[in-house]
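First comes the structure, then the notes that go with it.
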Amino acid sequence: DLLIGEKRKRPINYSVVVENDDVANKKTREKKKELVRSIQENFTEELKKQGVLEGPPRSQQPKKPNPKAPKEAAEEFDKKYRDSRAIQGQKALNIIQKEQEIDRKFNEGWKDWLIAGKVGSLRDVIGNELKYEILNPLQLDYDKSPETEFIEDGDWAVIRKYCSPSEVVDEYFDVLTPEQIDQIENPELDRSGDYLIYDDVYNEEDDEHNTRLVEVVKCYWKSRKKIGVVTYMDRFGQIQKKQVEEDYEMQENDLEVEWFWINQVWKGTRIDDDIYVDIEPHPIQRRDMDNPSQCKLPINGRKYSDRNSPNVSLMILGYPYQLMYNIFKYRLEKEIAKSKGVI
């Protein structure tokens with residue numbers, strides 16, 4: 001509770017930074033334009049003062065100060081310059097942070113990290129909308145190499161949830177048939193005793209309510225895709241390279257094609273045990289710019305400490321201290337009960 005409270009008080013202020021190779025060149029071009037504009041304005045103002053050009057000088061016009069000198073314009077440009085791509089990205093990030101309730105969900109994931117020692121999140125585009133969701137650690141499974149730290153770098157990941165029929169239709173209305181929607185309204189899969197019931201006492205009313213929930217299993221995995229790298233000669237006689245798909249046909253200006261197999265992320269969903277939808281290559285491949293085969297799953301996450309040992313959490317690390325405290329309190333209680341008169 002203490003760490004959750006401290007985390008909640010910390011600000012979440014992210015800023016978008018452009019790290020492209022052309023950042024310096026673009027800034028130089030923009031600065032050159034600003035200096036040329038400043039020189040033109042100063043030159044025009046001087047001609048107006050000498051009477052060469054018609055019109056009053058800017059100093060005699062209301063609310064129009066004299067143009068800044070090129071040196072002052074350059075200094076102000078260096079102070080205020082922001083890349084347009086960074087501005088656009090920052091605006092998008094602000095909208096996402098507000099609409100997806102990033103602050104609240106970060107705290108929810110932090111709580112899972114402290115208690116279960118495992119946290120997972122889903123970042124995907126569903127129904128043409130961005131979705132960011134903190135996943136239940138008990139309903140998340142995956143496979144990765146022992147030395148791989150993050151879930152998104154693994155081979156596959158599966159989310160298992162129980163949803164109401166309306167929630168399923170909200171997410172998959174564009175791929176479900178009328179017959180499948182009817183089945184979701186009346187699930188065929190018997191869920192008695194299958195759903196997680198957290199109450200110590202079994203309640204038949206709870207079970208009747210839970211049987212209306214629909215099991216949704218969403219899976220992401222990595223398959224293989226064949227691509228080619230074509231070496232060709234452009235119209236200027238320069239040798240160029242481009243990446244093509246496996247059904248590519250050679251053109252007249254192509255010199256050679258070299259084929260490779262790379263990783264590709266797929267997705268698929270099973271609803272109510274026998275409804276399979278949305279099985280296709282993931283439309284957004286989170287690839288590395290240098291390695292075309294390297295891609296990440298839409299499920300992100302990690303464990304607190306699972307390197308060469310069973311995973312633990314911060315709360316588990318406190319177990320011995322809690323047990324020792326309970327023993328001392330119990331012994332003190334027995335001592336007081338035994339010798340309360342003397343005490």
**OP:** From the options K105, R104, K161, select the one residue that forms a salt bridge (Lys or Arg N to Asp or Glu O under 4.0 Å) with E133.
**Re:** K161
Original post:
Using a distance-only test with no angle check, is there a side-chain donor-acceptor pair under 3.5 angstrom linking D155 and Y142?
Top reply: no
Subject >> K91 atom NZ, over 12 foreign heavy atoms within 6.0 Å >> reply: no
Subject >> Pairwise distance CG(D124) to CD1(I284) - rounded to 0.5 angstrom >> reply: 7.0 Å
**OP:** Please tell me if the side chains of R270 and E215 come closer than 4.5 Å, counting only heavy atoms from C-beta onward.
**Re:** yes
Original post:
Going by atom types only, do N326 and Q322 share a side-chain donor-acceptor pair under 3.5 Å?
Top reply: yes
**OP:** Start with the C-alpha gap between T269 and Y172, add the side-chain angles, then the distance that decides, and say whether side-chain contact (heavy atoms from CB on, under 4.5 Å) holds.
**Re:** CA-CA 10 Å; T269 303; Y172 299 101; 3.3 Å; yes
Original post:
Would a 4.5 Å heavy-atom cut-off, applied to side chains only, mark W156 and K144 as touching?
Top reply: no
Original post:
Are E76 and K79 close enough for a salt bridge, meaning some N to O gap below 4.0 Å?
Top reply: no
**OP:** Among K222, Q294, R224, find the residue that satisfies the side-chain hydrogen bond (donor to acceptor under 3.5 Å, both in side chains) test when tested with N263.
**Re:** R224
Original post:
Salt bridge check: are E171 and K131 linked by an N-O gap of less than 4.0 Å?
Top reply: yes
Subject >> From R10 atom CZ to W110 atom CH2, the distance as rounded to the nearest 0.5 Å >> reply: 8.0 Å
Original post:
Do K118 side-chain atoms and L140 backbone N/O form a donor-acceptor pair below 3.5 Å?
Top reply: yes
Original post:
Charged N to carboxylate O under 4.0 angstrom, D153 versus K296?
Top reply: yes
Original post:
Does V265 offer a backbone N or O that forms a donor-acceptor pair with the side chain of S223 under 3.5 Å?
Top reply: no
**OP:** State plainly whether the residues R37 and E34 are in salt-bridge range, i.e. N to O under 4.0 Å.
**Re:** yes
Original post:
Does a donor on one side chain sit under 3.5 Å from an acceptor on the other, for Q183 and D274?
Top reply: yes
Original post:
If you measure only the distance, is there a donor-acceptor pair under 3.5 Å linking the side chains of S293 and K225?
Top reply: no
Original post:
Just by distance, do the side chain of N42 and the backbone of K68 share a donor-acceptor pair under 3.5 Å?
Top reply: yes
**OP:** Flag yes if V119 and L314 sit in one hydrophobic cluster, no otherwise; membership is Ile, Leu, Val, Met, Phe, Trp, Tyr, and two members link when side-chain heavy atoms are under 4.5 Å apart.
**Re:** yes
**OP:** For the pair D22 and R29, find out whether any cationic side-chain nitrogen is under 4.0 Å from an anionic carboxylate oxygen.
**Re:** no
Original post:
Is it true that E147 and R307 make a salt bridge, defined as a side-chain N closer than 4.0 Å to a carboxylate O?
Top reply: yes
Original post:
Looking just at side-chain N and O atoms, do D103 and Q97 make a donor-acceptor pair shorter than 3.5 Å?
Top reply: yes
Subject >> Pair R160 + D141: basic N to acidic O under 4.0 Å >> reply: no
**OP:** Give the intermediate values and the outcome of salt bridge (charged side-chain N to carboxylate O under 4.0 Å, His left out) for residues D278 and K267.
**Re:** CA-CA 7 Å; D278 213 20; K267 64 174 181 176; 3.4 Å; yes
Subject >> Donor-acceptor under 3.5 Å (D254 side chain, E256 main chain) >> reply: no
**OP:** Answer yes if the ring centres of W266 and Y220 are under 6.0 angstrom apart, and no otherwise.
**Re:** no
Subject >> Same cluster (ILVMFWY, side-chain, under 4.5 Å), V175 and V169 >> reply: yes
**OP:** Look at D83 together with K27 and state whether they make a salt bridge at an N to O cut-off of under 4.0 Å.
**Re:** no
**OP:** Would you check if the side chain of D234 reaches a backbone N or O of Q238 as a donor-acceptor pair within less than 3.5 Å?
**Re:** yes
**OP:** Measure from the side-chain N and O atoms of E46 to the backbone N and O of F43, and report whether any donor-acceptor pair falls under 3.5 Å.
**Re:** no
